[in-house]
Amino acid sequence: KDFSLNHAPLGRADILGSWDKELGGIRLNADIRRDSACTTRVIGYVSPKMKGLDLHIQAGGTPLSFLQPFVENIFSNVNGSAHGDVRLFGPFSQLDLEGKVKAQMQMKVNILNATFLASADSVHIASGLFRFQNVRLQDTEGHTGLANGELRHTKLKNLSYQFRFNTDRMLVFHSEKETPEFPFYGHIYATGNVFLRGGDGQLNVDGEVRADNQTEFVYVLGTAAEATNSGFITFVDRTPRRKQAAVKAEVYHPLNQPDKQDDDDTPTAIHINLQIEPAERANMKIIMDPSAGDYISAYGTGNLRINFFNQGNFQMFGNYNITEGIYKMSMQNVIRKDFTLQPGGVVSFNGELEMLEQFRDHIFTLSMHERHLFREMIEEGKQVYDKPFGKNLVSRKDAPHEPEHLPGAKQMIRNLLEQLLISLYRKQQECPAQVQSLPMQSLGMEYQIVRQVVTFLDQNIYNNITFVDVAS
């Protein structure tokens with residue numbers, strides 16, 4: 001009859017078994033074949049008396065889909081075949097493997113949502129170790145790469161692995177929409193080196209790659225208010241003027257099931273740290289407000305670093321030099337305008353300062369001392385920087401005192417800011433009544449008014465203004 005292992009059909013099985021009294025178990029001689037290109041021979045014993053087994057497996061095109069339960073935390077849709085010799089042996093609760101096989105396997109890497117075909121001329125299997133050397137990779141579009149690495153285990157438990165990938169324009173990430181765990185999606189074609197390390201509920205991805213021309217990367221900030229408040233992006237206009245126009249795992253086997261009190265739902269902690277060089281025709285899109293259709297789409301070059309923790313923050317650092325693009329602005333679903341992003345413009349990604357996150361969306365009642373510190377910072381800044389003050393400060397060239405003739409100004413600003421932040425932090429800890437939590441993005445139209453007031457104050461920082469001026 002047809003024989004299956006882990007729901008994977010291996011073929012018709014002819015099994016000869018005999019009881020060995022001294023062994024206290026069954027000696028097996030099995031021949032399993034689907035056709036001449038798919039055969040599996042198994043010789044050995046299974047002994048309840050010795051509480052173990054020793055099976056020698058000769059694979060002649062054995063289907064690899066039976067591996068799916070063992071690697072379900074890493075791969076899915078596992079298919080392929082193997083040729084070689086493998087020994088499965090040891091006590092039932094401490095099984096191990098050794099041998100050498102040639103294999104070809106197609107699988108989807110769950111975290112990347114991308115499918116690859118892997119071909120290995122030699123996979124070395126030793127006690128607690130699978131070693132992969134010069135494994136040829138191919139994506140669904142025929143682009144190629146190479147992988148080397150190893151997978152370690154303790155008697156088929158406590159899986160850990162590390163792999164180094166060298167890719168050539170391969171489709172390494174594919175997703176149609178963001179998820180609560182991943183605030184980005186798209187199609188990433190990469191050339192470069194990536195290093196994966198995983199195990200014990202952790203996955204670390206590090207690498208340096210070029211995002212090739214077919215790449216489309218979309219990052220979803222959330223609401224427009226959230227994007228404005230985050231301080232995540234700074235725009236630097238290097239053109240003489242703005243132009244406006246319409247443009248276009250743990251190993252599974254039956255003897256390794258967790259106890260009922262174990263938490264099976266604990267998510268893997270994923271850390272991604274990538275240095276990315278976008279190719280000129282790689283498209284980057286930043287969605288500020290998905291519901292309103294407020295987004296930036298651009299082509300360009302640069303050098304970006306991405307840090308991502310699926311249980312924490314997404315951070316992006318570096319400068320993106322725009323060659324062409326568009327900003328589709330939408331305000332309250334009433335005002336809609338398209339802006340052309342001119343060549344030479346720069347988008348500067350500043351990440352987020354974690355130590356400042358605790359101040360986000362809080363209103364502090366400032367003491368006289370804190371107001372004095374703030375005023376001194378402004379006065380120091382007015383002496384050496386052009387207005388309006390932004391994240392990219394530009395030294396004044398028309399100042400009565402050039403920066404070199406006003407030594408220590410930047411250090412003074414830094415020291416004053418540190419004093420102010422320490423004071424606010426202490427107030428938050430010791431006098432919470434003087435700190436009000438106010439999620440600005442929940443204010444709707446009131447938030448737009450606040451933005452307009454702040455913009456007006458920013459543009460008139462050097463002028464004498466009154467409440468009448470602000471109200472008008």
A.B. asks: Mind listing the closest non-hydrogen atom pair of Val78 and Leu64 along with its distance?
C.D. replies: CG1-O, 3.6 Å

A.B. asks: Strictly by modelled atom types, are Asp168 and Thr144 linked by a side-chain donor-acceptor pair under 3.5 Å?
C.D. replies: no

A.B. asks: Considering non-hydrogen atoms only, spot the tightest contact between Phe165 and Leu137 and give its length.
C.D. replies: CD2-CD1, 3.5 Å

A.B. asks: Kindly compute the distance separating CG (Asn319) from CG (Asn303), expressed to the nearest 0.5 Å.
C.D. replies: 9.0 Å

A.B. asks: So, Asn113 side chain and His174 main chain: donor-acceptor pair closer than 3.5 Å or not?
C.D. replies: yes

A.B. asks: Under the 3.5 angstrom rule, does the side chain of Tyr320 hit a backbone N or O of Gly300 as a donor-acceptor pair?
C.D. replies: yes

A.B. asks: Just by distance, no angles: are the side chains of Asn283 and Ser297 close enough, under 3.5 Å, to form a donor-acceptor pair?
C.D. replies: yes

A.B. asks: From Arg197 CZ over to Arg164 CZ, what is the distance, rounded to the nearest 0.5 angstrom?
C.D. replies: 10.0 Å

A.B. asks: Taking Asn6 for its side chain and Phe66 for its backbone only, find out whether a donor-acceptor pair lies under 3.5 Å.
C.D. replies: yes

A.B. asks: So that I can tick it off, tell me whether Arg305 and Glu208 are bridged by a salt bridge, with the cut-off set at under 4.0 angstrom between side-chain N and carboxylate O.
C.D. replies: no

A.B. asks: With a 4.5 Å heavy-atom cut-off, do Glu379 and Glu376 have their side chains touching?
C.D. replies: no

A.B. asks: Less than 4.0 angstrom from a charged side-chain N to a carboxylate O is my criterion; do Arg210 and Glu277 meet it?
C.D. replies: no

A.B. asks: For Ser367, does its backbone N or O pair with a side-chain atom of Glu370 as donor and acceptor, under 3.5 Å?
C.D. replies: yes

A.B. asks: Has the side chain of Thr167 got a donor or acceptor atom that lies under 3.5 Å from a matching backbone atom of Ala190?
C.D. replies: yes

A.B. asks: Quick check for you: to the nearest 0.5 Å, what is the distance between Ile326 atom CD1 and Asp338 atom CG?
C.D. replies: 4.0 Å

A.B. asks: What I'd like to find out is whether the side chain of Phe75 reaches to under 4.5 Å of the side chain of Leu67, using heavy atoms alone.
C.D. replies: no

A.B. asks: Got Val220 and Tyr185 here, is their nearest side-chain heavy-atom distance under 4.5 Å?
C.D. replies: yes

A.B. asks: Find out whether Phe374 and Met377 are in side-chain contact, i.e. whether some heavy atom of one side chain is under 4.5 Å from a heavy atom of the other.
C.D. replies: yes

A.B. asks: Taking all atoms of both residues into account, what is the closest heavy-atom pair of Asn134 and Asn148, and its distance?
C.D. replies: N-OD1, 2.6 Å

A.B. asks: Does a side-chain heavy-atom distance below 4.5 Å link Phe317 with Asn307?
C.D. replies: yes

A.B. asks: Salt-bridge test for Asp121 and Arg136: reply yes if a basic N is under 4.0 Å from a carboxylate O, no otherwise.
C.D. replies: yes

A.B. asks: Carefully, step by step, assess Asp212 and Thr191 under the rule side chain to side chain donor-acceptor pair (under 3.5 Å).
C.D. replies: CA-CA 7 Å; Asp212 289 303; Thr191 296; 2.7 Å; yes

A.B. asks: What class does the angle between the rings of Phe130 and Phe132 fall in, given that below 30° is parallel, 30 to 60° is tilted and above 60° is perpendicular?
C.D. replies: parallel

A.B. asks: For the residue pair Ile74 and Met107, establish whether any side-chain heavy-atom pair is separated by less than 4.5 Å.
C.D. replies: no

A.B. asks: How far apart are the C-alpha atoms of Val205 and Phe308, what are their side-chain angles, what is the distance that settles it, and do they pass the side chain to side chain contact (heavy atoms under 4.5 Å, CB included) test?
C.D. replies: CA-CA 10 Å; Val205 182; Phe308 172 68; over 6 Å; no

A.B. asks: With distance as the sole test, does Asn110 use its side chain to make a donor-acceptor pair with the main-chain N or O of Glu72 at under 3.5 Å?
C.D. replies: yes

A.B. asks: Shortest non-hydrogen contact from Glu141 to Gln214?
C.D. replies: OE1-NE2, 4.1 Å

A.B. asks: Report the residue from Leu274, Ile276, Ile286, Ile306 that forms a side-chain contact (heavy atoms from CB on, under 4.5 Å) with Met316.
C.D. replies: Ile306

A.B. asks: Ignoring hydrogens and angles, state whether a donor on the side chain of Ser127 or Asp96 is under 3.5 Å from an acceptor on the partner side chain.
C.D. replies: yes

A.B. asks: Where do Tyr189 and Arg169 come nearest, in terms of heavy atoms and distance?
C.D. replies: CD2-O, 3.6 Å

A.B. asks: Between Asp139 (side chain only) and Met170 (backbone N and O only), is there a donor and an acceptor less than 3.5 Å apart?
C.D. replies: no

A.B. asks: Output, in order, the C-alpha distance, side-chain angles, deciding distance and verdict of side chain to side chain contact (heavy atoms under 4.5 Å, CB included) for Tyr161 and Leu203.
C.D. replies: CA-CA 9 Å; Tyr161 52 90; Leu203 171 60; 3.5 Å; yes

A.B. asks: Measure up the Phe309 and His271 rings against each other and bin them: parallel (under 30°), tilted (30 to 60°), perpendicular (over 60°).
C.D. replies: parallel

A.B. asks: How far apart are the C-alpha atoms of Gln133 and Ser122, what are their side-chain angles, what is the distance that settles it, and do they pass the side chain to side chain contact (heavy atoms under 4.5 Å, CB included) test?
C.D. replies: CA-CA 7 Å; Gln133 293 180 315; Ser122 180; 5.8 Å; no

A.B. asks: Should Leu304 and Pro278 count as side-chain neighbours, where that means a heavy-atom distance under 4.5 Å?
C.D. replies: yes

A.B. asks: With rounding to the nearest 0.5 angstrom, report the CG to CD distance, Leu416 to Glu380.
C.D. replies: 6.5 Å

A.B. asks: Can you check whether Gln104's main-chain N or O pairs, donor with acceptor, with Ser119's side chain at less than 3.5 Å?
C.D. replies: no

A.B. asks: Is a side-chain donor-acceptor pair under 3.5 Å present for Asn77 with Gln106?
C.D. replies: no

A.B. asks: Determine, stepwise, if the pair Asp294 / Tyr327 fulfils side chain to side chain contact (heavy atoms under 4.5 Å, CB included).
C.D. replies: CA-CA 8 Å; Asp294 196 9; Tyr327 173 31; 3.3 Å; yes

A.B. asks: Write down the atom of His187, the atom of Ser175, and the distance for their closest heavy-atom approach.
C.D. replies: CE1-O, 4.5 Å

A.B. asks: Rounded to the nearest 0.5 Å, how far apart are CG of Leu151 and CD of Gln162?
C.D. replies: 10.0 Å

A.B. asks: When rounded to the nearest 0.5 angstrom, what distance separates CD1 in Ile270 from CD in Gln202?
C.D. replies: 10.0 Å

